[in-house]
Amino acid sequence: MKEPLILAVESSCDDTSVAVLRGRRLLSCVLNGQRVHEEYGGVVPELASRAHLQQIVPVASVAVRRSGLTLDAVLDELDAVAFTEGPGLVGSLLVGLSFAKGLSLATGAPLIGVNHLSGHMLAPFIWEGDGAPPSIDFPYVTLLVSGGHTMIARVSGFNRVDVLSETIDDAAGEAFDKCAMLLGLGYPGGPVVDRLAAGGDPEAFHFAHPMRGERNFSFSGLKTSFLYLVRDRMASDSHFIERRVNDLCASLQRTVVEILLEKLDRVMRDAGVRRVALGGGVSANSGLRAGAERLAQRRGWELYLPELRFTTDNAAMIGIAGYFKYLAGEFTDPSAAALPRGPAF
Ligand code: KG4
Ligand code: ZN
């Protein structure tokens, strides 16, 4: 059987991305991050959808060019158009959805709506064509940590997901971003904290570790205790942040990683599974990756980490989720709407 040719679109937040896949093999993935939000300290939804609108066609044409196929060949052969149905910002989702619908109408290729979170959960299994494709042995437990979501789920099939634990307030990425903003490190702050943490003492400061021993996560207490510590120290030393930024970042990172891995360890005790995957923007964090590797080794788990470039939002992960839906014959009606709270898994 000839493997299907799939074009995938991701536009749920502030990254415009298009990927081309032949079956599970990724032929190309192009991503254009939006810098327009930096000066606002967070994503501005209206600016995000306008930027998607400007970028989607150029990003798609570069993705087609880099796939090694001609535009005519792609239009001729296309078997499906996968797109992020949700969760995400409604205006941003609409741009990807409309582009996907247009392409589907023009080529006759059916639509496949993908849950953005299913995409993150499959990111460790993206195959760029070297060697054999990484095998996916279900079930596995996934720790999904991004700017908008923090959860641990049991994945028993490409779209069979049971959420076992989730945040009751902020996401892990949000905790990094908000604390980083307080230190004047810009947005998104997670990657900057990661870099600065390398030169700091992770035990220099101790912050709240809320809901210890419970199943769900909470990050708002950590954020408040970080804020109070910085505010109190600044009152007596106006150069406190400048002098201790590395220690602050290292201590913040240690605390977030401890919170995440402690919950993962707790959930894994009852999950009856020995395979663990990480996904989402925060799974790029060097402290989390190293900590997860140590824990996996200690517990005898098999650990799947996504390539760094597939940790944050990208269309390759939507493509692989779309491929599995294609195999199962799960297509989406052309009347599909953007679903800001996300479709069911
Ligand atoms: O998955 P993603 O691109 O978007 C959402 O679906 O939310 O995740 C973005 C989040 C941001 O909060 C960003 O600060 C965080 O991932 N992030 C990191 C790192 N790289 C990205 N957080 C900590 N350390 C990193 N290296
Ligand atoms: Zn995401």
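When a residue number appears, it is its place in the shown sequence, counting from 1. None of the values given here were measured: they were computed from a predicted structure. Indexing begins at 1, ligand by ligand and atom by atom, following the structure's order. In what follows, every heavy atom counts, from backbone to side chain, and hydrogens, waters and symmetry copies are set aside.
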N285 N/O under 3.5 Å from ligand 1 N/O
yes
Ligand 1 N/O within reach of D15 N/O, cut-off under 3.5 Å:
no
Under 6.0 Å from the CZ atom of R160, do we count more than 12 heavy atoms belonging to anything else shown?
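Counting neighbours around CZ of R160, 12 or fewer heavy atoms of other residues, nucleotides or ligands fall under 6.0 Å, so no.
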May I ask you to list the atoms of ligand 1 that are less than 4.0 angstrom from any heavy atom of [X]?
{"X": "F176", "result": "22 (N), 23 (C)"}
{"X": "H120", "result": "1 (O), 6 (O)"}
{"X": "T312", "result": "1 (O), 3 (O)"}
{"X": "G147", "result": "5 (C), 7 (O), 8 (O), 9 (C), 10 (C), 12 (O)"}
{"X": "D194", "result": "24 (N), 25 (C), 26 (N)"}
{"X": "G148", "result": "7 (O)"}
{"X": "G190", "result": "14 (O), 18 (C), 19 (C), 22 (N), 23 (C), 24 (N), 25 (C)"}
{"X": "P188", "result": "14 (O)"}

Under 2.8 Å from the Zn ion (ligand 2) - protein N/O/S, by chain and number
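Under 2.8 Å from the Zn ion (ligand 2) - ignoring waters, which are not counted - the protein N, O or S atoms are H116 NE2, H120 NE2, D313 OD1.
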Give a yes/no on ligand 1: does [X] have at least one heavy atom closer than 4.0 angstrom to it?
{"X": "C13", "result": "no"}
{"X": "Q253", "result": "no"}
{"X": "H116", "result": "yes"}

With a 3.5 Å cut-off and sequence neighbours excluded, list the donor-acceptor pairs that the side chains of residues 62-76 form with protein atoms.
unit_1, atom_1, unit_2, atom_2, d
S67, OG, V64, O, 2.6
S67, OG, L69, N, 3.2
T70, OG1, A73, N, 3.0

Indicate whether the side chain of [X] and that of [Y] have a donor and an acceptor atom separated by less than 3.5 Å.
{"X": "E10", "Y": "S17", "value": "no"}
{"X": "T16", "Y": "H52", "value": "yes"}
{"X": "N115", "Y": "E85", "value": "no"}
{"X": "D169", "Y": "S218", "value": "yes"}

Can you label the angle between the F207 ring and the F226 ring as parallel, tilted or perpendicular, going by 30° and 60°?
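If you compare the ring of F207 with that of F226, the planes turn out tilted.
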Parallel, tilted or perpendicular: which one describes the rings of Y140 and F125, with boundaries at 30° and 60°?
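The arrangement is tilted - the two ring planes meet at 30° to 60°.
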Under 3.5 Å, which donor-acceptor pairs link side chains of residues 300-307 to any protein atom two or more places apart or in another chain?
unit_1, atom_1, unit_2, atom_2, d
E302, OE1, Y304, OH, 2.7

Who passes salt bridge (Lys or Arg N to Asp or Glu O under 4.0 Å) against R299, sequence neighbours left out?
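Once residues adjacent in sequence are excluded, the partners of R299 under the salt bridge (Lys or Arg N to Asp or Glu O under 4.0 Å) criterion are D265.
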Side chain to side chain contact (heavy atoms under 4.5 Å, CB included) partner of E166, the single match among H149, R215, M151, K263:
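The residue from H149, R215, M151, K263 that satisfies side chain to side chain contact (heavy atoms under 4.5 Å, CB included) with E166 turns out to be M151.
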Considering only protein heavy atoms, which is closest to [atom], and at what distance to one decimal place?
{"atom": "atom 12 (O) of ligand 1", "result": "D177 OD2, 2.6 Å"}
{"atom": "atom 2 (P) of ligand 1", "result": "D313 OD1, 3.5 Å"}
{"atom": "atom 21 (C) of ligand 1", "result": "G281 O, 3.3 Å"}

Under a 3.5 Å distance rule, please check whether Q253 uses its side chain to pair with a backbone N or O of A197 as donor and acceptor.
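Side chain of Q253 to backbone of A197: no pair is present.
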Within the side chain of D237, is there an N or O that forms a donor-acceptor pair under 3.5 Å with the backbone of R233?
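Side chain of D237 to backbone of R233: no pair is present.
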Given ring-ring contact (aromatic ring centres under 6.0 Å, His included), test F331 with F83 step by step and report yes or no.
CA-CA 11 Å; F331 298 103; F83 67 98; over 10 Å; no
